[in-house]
Novice: 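Next up is a structure, given as structure tokens.
It should be emphasised that the depicted structure is a prediction, and the values quoted were computed from it without experimental measurement. Both counts, for ligands and for their atoms, begin at 1 and track the order of listing.
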Amino acid sequence: MIWYPYTQMKTMPEPIEIIGAEGIYLHTKEGNLIDTTTSWWSVIHGYNNKEINEVLKNQVDQFAHVMLGGLTHKPVKDLTNKLISLLPGDLNHCFYSDSGSVAVEVAFKMAVQFFYNNGQSEKKSFVGLTHAYHGDTFKTMAVGDDEDYHLAFPEKDGVFHVNPNAEELKAVFEDHHQEIAAFIVEPLIQGAGGMRMYDVSFLEQARKLCDQYNVLLIFDEVATGFGRTGNMFVSDLVCPDIVVLGKALTAGYIGHAVTVANEKIFNGFYSDNPDHAFMHGPTFMGNPLACTVALKSIEIFEREDYMSKVKKIEAILKDEFKDFKSDKVCDIRILGGCLCLEVIDSSDLKGFKDYAIKNGIHSRPFINYIYGMFPYIIEEAELRNVCSVYKKWFDKK
Ligand SMILES: *Cc1c(COP(=O)(O)O)cnc(C)c1O
């Protein structure tokens, strides 16, 4: 049988079978549903984009995959040049992987070995934020702070957690900087931890503190990259030493991610000493199909001015919820293409998923949160419809 993610198989409701998908809609045997999850926040163009389908088919007919060990190809070279030109500062060195979790692991390994190569092998601890999510592999779980893992995987050796507060960060650096390699954050929006949002001023202060205490700054932009916060990358506002991109990178077509390092990090490995090389290499890194999709996705993103679409989504969301009040809802968070309604009591979301389906919407609420990570192509009327369904849920109760 299929073992489904994040669920108790014994009590799991029957999953919804998808028989097609087009634009913002998922097609089921019972009808079409507007997808507010963008399949874990990746499908920014909506489903079944004809232009992406076309380049993908062409690349399949040339070659679907070759390893990057000793070989290279045009899609990976072109994507690398494109990413370097898009990213700020000297974030110029792209290391590819097949998933966001692995790309975060790559960033961790880069940080530790950067200091090791420099004779500072004691710098191998990490600082993360409370409620952080960086993936499901062991180290990403340890540096993350997801309640779901605390019971079975409590191991947190060599990891410190702080709230997004400069004083707390400074205190940890002050006491432990000699052993800390890097501070990692999901910048501006902590996604899986509950769409928690904080101000950019914390990132500005964190940048200064990292420089002051010789700690590397890593931005996990797996979820926030490619416009989600209303910025192309949050790295455009505050420049990290390493940025990790995933999810929307390949527009929901093929799992892929990239860890991009600046000159300082890269130069820490670039030497006549073979032991200073970076020893990592996922089988499918730089997969030509994934790179081809990413290139076309970015081309459409720029040509169709997606940043203005995201701004418009944000403006509509703010307008829809400006006068909304419910004694069940304790917070409404809106940033870029992201909406989160937080309820005081999680039992108030019981039945919400089925209610949404009856109203033509696919939603995946979790714990105390209803969220929308909307596809950027959603039209105003469709988005207002989704918002009114959300609001009606609380009105009727
Ligand atoms: C989804 C996510 C990851 C993990 O990416 P996968 O491709 O699922 O391994 C890591 N960091 C953040 C911030 C994410 O949202």
Novice: Short list, please: which atoms of ligand 1 are under 4.0 Å from a heavy atom of S99?
Specialist: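 That gives atoms 7 (O), 9 (O) of ligand 1.
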Novice: Quick one: does T28's side chain have a donor or acceptor within less than 3.5 Å of a partner on E17's backbone?
Specialist: no
Novice: Is K247 close to ligand 1, meaning an N/O of one under 3.5 Å from an N/O of the other?
Specialist: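 Yes, at least one N or O pair falls under 3.5 Å.
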Novice: Is the NZ or CZ atom of K124 positioned over Y116's six-membered ring, under 6.0 angstrom from the centre and within 45° of the axis?
Specialist: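 No, a cation-pi geometry is absent between K124 and Y116.
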Novice: With no hydrogens and no angle check, is any side-chain donor or acceptor of K391 less than 3.5 Å from a backbone partner on V386?
Specialist: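 No: the side chain of K391 does not pair with the backbone of V386.
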Novice: Whether the D98 and N287 side chains hold a donor-acceptor pair (N or O, under 3.5 Å, no angle test) is what I'd like checked.
Specialist: no
Novice: Considering both backbone and side-chain atoms of D220, is one of its nitrogen or oxygen atoms within less than 3.5 Å of a nitrogen or oxygen in ligand 1?
Specialist: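 N/O-N/O distance under 3.5 Å: yes.
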Novice: Side chain, backbone, both or neither: which part of E186 comes within less than 4.0 Å of ligand 1 when only heavy atoms are counted?
Specialist: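 Looking at E186 and ligand 1, just side chain atoms fall under 4.0 Å.
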Novice: Ignoring angles and geometry beyond distance, decide whether G100 reaches within less than 3.5 Å of ligand 1 through its nitrogen or oxygen atoms.
Specialist: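 Between G100 and ligand 1, an N or O pair is found under 3.5 Å apart.
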Novice: List the closest protein heavy-atom neighbour of atom 8 (O) of ligand 1: residue, atom name, distance to the nearest 0.1 Å.
Specialist: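 In this structure, atom 8 (O) of ligand 1 has S101 OG, 4.4 Å as its nearest protein heavy atom.
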Novice: Which residue is it: I34, D35, N48, L33? I am looking for the one with a side-chain contact (heavy atoms from CB on, under 4.5 Å) to Y25.
Specialist: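 Option passing the side-chain contact (heavy atoms from CB on, under 4.5 Å) with Y25: I34.
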Novice: Apply ring-ring contact (aromatic ring centres under 6.0 Å, His included) to residues Y6 and W40 and explain how you reach the verdict.
Specialist: CA-CA 13 Å; Y6 302 124; W40 275 326; 5.8 Å; yes
Novice: Any idea which atoms of ligand 1 are less than 4.0 Å away from a heavy-atom of H134?
Specialist: 10 (C), 11 (N)
Novice: Can a donor-acceptor pair be found, under 3.5 Å and without considering hydrogens, that links the side chain of Y355 to the backbone of W393?
Specialist: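 Yes, because the side chain of Y355 sits within donor-acceptor range (under 3.5 Å) of the backbone of W393.
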Novice: Of all the heavy atoms in W41, does at least one lie under 4.0 Å from an atom in ligand 1?
Specialist: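 So W41 counts as touching ligand 1.
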Novice: Relative to the heavy atoms of A223, which atoms of ligand 1 are at a distance of less than 4.0 Å?
Specialist: 15 (O)
